[in-house]
Amino acid sequence: MENELKDDPCSSEEAFSEKPKKMKAKAKGKTKSQREGKEKTHRKMKASEEEIMETEGSGDRRSHVNVKEEPKEDPDFVTEKKGKKRKRKADNTDGLLSSAEAPLPKKKKKKVADGQENASTAKQKKMKEKKEKVKKEEGERPVSTKKKKTKEEIEAARALKIKKKEEEEKQRWRWWEEEKYENGIKWKFLEHKGPYFPPAYQPLPDDVKFYYNGEPVKLSLPAEEVALYFAQMLDHEYTTKEVFRNNFFKDWRKEMTLEERQLIMDLKKCDFGELHAMHKEKVEARKNLSKEEKLVNKEANQKIVDEYGFCVLDHHRERIGNFKIEPPGLFRGRGDHPKQGMLKKRIRPEDVIINCSKESRIPEAPAGHKWKEVRHDKTVTWLASWTENVQGSCKYVMLNANSKLKGEKDWEKYEVARKLKTCVDAIRTQYQEDLKSKQMGTRQRAVALYFIDKLALRAGNEKEEGETADTVGCCSLRVEHITLHDALDDQKCVVEFDFLGKDCIRYYNKVPVTKRVFKNLKLFMENKQGGDDLFDRLNTASLNKHLSSLMPGLTAKVFRTYNASITLQQQLKELSNMKDNVPEKLLSYNRANRAVAVLCNHQRAPPKSFDQSMANLQAKIDSRKEQLDLAKKELKQAKKEAKGSSDNKLLVVVEKKKKAVQRCEEQLLKMEVQATDREENKQIALSTSKLNYLDPRISVAWCKNMEVPLDKIYNKTLRDKFAWAVDMTELDFVF
DNA sequence: GCTGGAACTTAGGATGATGACA
DNA sequence: TGTCATCATCCTAAGTTCCAGC
């Protein structure tokens, strides 16, 4: 290795003579909470041991071994780390909003111990009595109050459903058959009702009290509202975290009156028990509503959706994605977010900017209020926006994923990714060459690109220290995030990655790389400490600038889309078999999908009831096996009895038993396939890649070719979102 | 070339709705 | 019919990219 380094055309001295673009970070110790956060995310990484990558070779990219193994104690966590990053604008939490609001029905106190009934049990009793009355009137016949549907009625319902579907299809805006606007124009006419505001806060009932130091304290409304936000979260782990509690307490005190502030000095002395109980009761009561009451609520919600959930865009009615203003509450940042627990303030119309056509009916602000601004910008897609107080970022009301604006952008995204296919070989050749460059910056860019291409890493923008959790992507990787192994598990030049990526999801992977990459990494790490940037002469802007010079529209993100889609296509080709039955074909599809999810590191927390549900399924499988054995025995017996006999009855029995065996076998297979699929999916989220990275035309074409109904892999939302692909994809589509 | 903000996509968890099964 | 599991949808945080202004 040393010799290789000597022979390297890029001597360290020469290469480092360039001025580093990024300042070296100063060492800083990791906090305990950071350490705990990272340890916690380890649970997410136990997932599949499945390795779906090809071996590295000429032109092969997917060569790493994606080993997700139980992590060992990370010594880095107790050593020093370095910080970097820019200082940011001051937070504006001081812009105090008062009006504490949020709906709360009057408390119905439930004292089961005292023998009192709660509302829901009373209601159930009433229903029961009603039913019994019906029974009596009908002469004590044990009949159901629900009328059984006749065959004709079932048929009619089915026909209605088909008709509705056809109607929907007829009404669908086939925007993909129209010309696109130019010069950044997104729409020509836009009309909407403005966003929907959450209801005002309803004060606590008199019998629900907050206690401080054991004494009841009547809080002012603003303080009471914020106290309730905390009380509602008491069952959540958040409220046990020191950072969350401190941030909450600090912001809560800002909402208090002077007197309250002087009295309430210690969060530990606060008792939110009654508030918490009231909240739980409310949730429980909501769950126990009768069918009729639920229907009333549903209709009320539908009314809101009908009124606020749609807009008119260029003469077409389009669904809005998030027409509701985010309600106030406590900020739930992911991982070890330094701002978790801060108060997310109530948004008023005076904070909201409306965007619509000049010639449209301008939405009216709620009574007694006015909008911050009304503008008519046709070059953007948002309908309303506001700035949130915790991070100072903009929030937007935008259209639903099935809208023209979103669909067009999505289609374009996959077309750019397909375009990459035509030049990816040249780009790979180029960055392989760049690994030998005399310029350190060029070498770093080449290695980063190698990772982005091979491992589907995100670009990794720089982040501001203290503003967000400590997460990284490719360009922002630090020395402490990788470990180099000359040899590991019979493989040479292995890079071990261990870092927190987007949403604090841990990325852990051991990847064999080419000698040249390995050697470069050693070079980049020379004379650096754990907290220093691995790629100190690279940032996402310069990387993307370079990429766009290689292909118009090419950015780091495109590689993720391209590699996800091409992997799906390859895997489907490899795994699918026309002779399989539908459940087996679906298992193949899911496995291909899973390969992508593993590549993109899409993880989820295992469902809470996972073990129990697997045990239940296994029990069912065992029981079905017993049934099958029994059915087989019966078939054997029936055959024996029918042998040599011309009695038609006996032959019928044999046929019957044969069918029973067949049915049992089919059910057993289905269950076994389901168990395998579920187990393999335990910690892998398939939906993210399906929704964002996989060209839908690959899936549509696969369904057509494999004769699998599309609704087996795409639910209604996905079919709507990808209507353009469903409509235009032919059997022979190739990504 | 750097910085910060605007505009947009991507992401996992929470919640509500629906379906399967005893 | 009630319960439980699963699926679909909602919610909003956390990314990426682009661009204007210096």
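The analysis underlying the following values was restricted to heavy atoms, covering all of them including side chains, and did not include hydrogens, waters or symmetry mates. Below, chain A is the first sequence line, B the second, and so on; all start at residue 1.
Each of A:Arg332 and A:Thr540 was matched to the nucleotide of DNA chain C holding its nearest heavy atom; the match closer to the 5' end belongs to A:Arg332. Between A:Arg375 and A:Arg560, the residue whose closest nucleotide on DNA chain B is further toward the 5' end is A:Arg375. Of the residues near DNA chain B, A:Met398 and A:Ala685, the one whose nearest nucleotide (by heavy atom distance) lies more toward the 5' end is A:Met398. Heavy-atom distances to DNA chain C give each of A:Gly553 and A:Asn322 a nearest nucleotide, and the one nearer the 5′ end belongs to A:Asn322.
Taking side-chain N and O atoms only, A:His236 has no distance below 4.0 Å to OP1 or OP2 of B:dG13. Contact annotation: A:Ser393 side-chain N/O to B:dG5 OP1/OP2 distance is not under 4.0 Å. Contact annotation: A:Lys545 does not reach the phosphate of C:dC18 (side-chain N/O to OP1 or OP2, under 4.0 Å). Proximity of A:Gln391 to the phosphate of C:dA13: no side-chain N or O atom is located under 4.0 Å from OP1 or OP2. Between A:Lys324 and C:dC10, a side-chain N or O to OP1/OP2 separation shorter than 4.0 Å is absent. When the side-chain nitrogen and oxygen atoms of A:Thr688 are compared with OP1 and OP2 of B:dG12, one or more of them lie within a distance under 4.0 Å. The shortest distance between the side-chain N/O atoms of A:Asn461 and the OP1/OP2 oxygens of C:dT16 is below 4.0 Å. OP1 or OP2 of C:dT17 has at least one side-chain nitrogen or oxygen of A:Asn544 nearer than 4.0 Å. Taking side-chain N and O atoms only, A:Arg604 has no distance below 4.0 Å to OP1 or OP2 of C:dC7. Between A:Lys413 and B:dT10, a side-chain N or O to OP1/OP2 separation shorter than 4.0 Å is present. The side chain of A:His337 places no N or O atom within less than 4.0 Å of a non-bridging phosphate oxygen (OP1 or OP2) of C:dA13. Phosphate contact (OP1/OP2 of C:dA13, side-chain N/O of A:Lys395, threshold under 4.0 Å): present.
Under 4.0 Å is where a charged nitrogen must lie from a carboxylate oxygen, and between A:Asp235 and A:Lys280 at least one such pair does. A salt bridge is defined here as a Lys NZ or Arg NE, NH1 or NH2 lying under 4.0 Å from an Asp or Glu carboxylate O, and A:Lys413 with A:Asp410 meets this definition. Ion pair A:Glu467/A:Lys339 flagged as a salt bridge, since at least one NZ, NE, NH1 or NH2 atom sits closer than 4.0 Å to an Asp/Glu carboxylate oxygen. A salt bridge links A:Glu326 with A:Lys344; the closest basic N to acidic carboxylate O contact falls under 4.0 Å. Between A:Lys409 and A:Glu412 there is no salt bridge, since no side-chain nitrogen of the basic residue lies less than 4.0 Å from a carboxylate oxygen of the acidic one.
The separation between A:Ile304 atom CD1 and B:dG16 atom P is 14 Å, rounded to whole Å. In this structure, A:Ile320 atom CD1 and C:dC11 atom P are separated by 13 Å, rounded to whole Å. Atoms CD (A:Glu388) and C1' (C:dT12) sit 10 Å apart, rounded to a whole Å. Atom CG in A:Asn402 sits about 10 Å away from atom P in C:dC10, given to the nearest Å. Rounded to a whole Å, the CG atom of A:Leu686 is 11 Å from the P atom of B:dG12. Remark: P of C:dG15 and CD1 of A:Ile452 are 15 Å apart, rounded to the nearest angstrom. The CH2 atom of A:Trp382 sits 17 Å away from the P atom of B:dG5 (whole-angstrom rounding). If you measure from atom CG of A:Asn389 to atom P of C:dT12, you get 14 Å, rounded to the nearest angstrom.
Residue contacts for A:Lys186: at a heavy-atom cut-off of 4.0 Å it reaches the sugar-phosphate backbone alone, with no base atom in range. Among the protein residues, A:Thr381 comes within range of the sugar-phosphate backbone only, with heavy atoms under 4.0 Å from sugar or phosphate atoms but none that close to a base. Counting any heavy atom pair closer than 4.0 Å across all strands shown, A:Lys294 reaches no nucleic acid atom. Here A:Gly321 lies out of heavy-atom contact (under 4.0 Å) with every strand. When heavy atoms are screened at a 4.0 angstrom cut-off, A:Gly501 is found touching the sugar-phosphate backbone but no base atom. Using a 4.0 Å heavy-atom criterion, one finds that A:Lys557 contacts the sugar-phosphate atoms exclusively. Heavy atoms of A:Arg458 sit under 4.0 angstrom from primed sugar atoms or phosphate atoms, though from no base atom. Here A:Ala541 lies out of heavy-atom contact (under 4.0 Å) with every strand. When heavy atoms are screened at a 4.0 angstrom cut-off, A:Tyr396 is found touching base atoms of the nucleic acid. Among the atoms of the strands shown, only primed sugar atoms or phosphate atoms (P, OP1, OP2) are found under 4.0 Å from some heavy atom of A:Arg319.
In this structure, A:Tyr229 OH and A:Leu330 CG are separated by 8.0 Å, a value rounded to the nearest 0.5 Å.
Counted within 6.0 Å of NZ on A:Lys180, heavy atoms from surrounding residues, nucleotides or ligands total more than 12; the atom is thus considered enclosed.
If you check C:dT17, B:dA11, B:dT18 against the side chain of A:Lys298, the one that comes closest is B:dT18. Nearest to the side chain of A:Lys406, among C:dT12, C:dC18, B:dT9, sits B:dT9. Among the nucleotides C:dC18, C:dT12, B:dA6, the one closest to the side chain of A:Thr555 is C:dC18. Distance from the side chain of A:Ala556 is smallest to C:dT17 among C:dT17, C:dA13, C:dG15. Here C:dA13 is the nucleotide among B:dG13, C:dA13, B:dT10 with the atom lying nearest to any side-chain atom of A:Glu326. For A:Arg286, counting side-chain heavy atoms from C-beta on, the closest listed nucleotide (B:dG16, C:dT12, C:dT17) is B:dG16.
Side chains of A:Asn590 and A:Asn681: no donor on one and acceptor on the other come within 3.5 Å.
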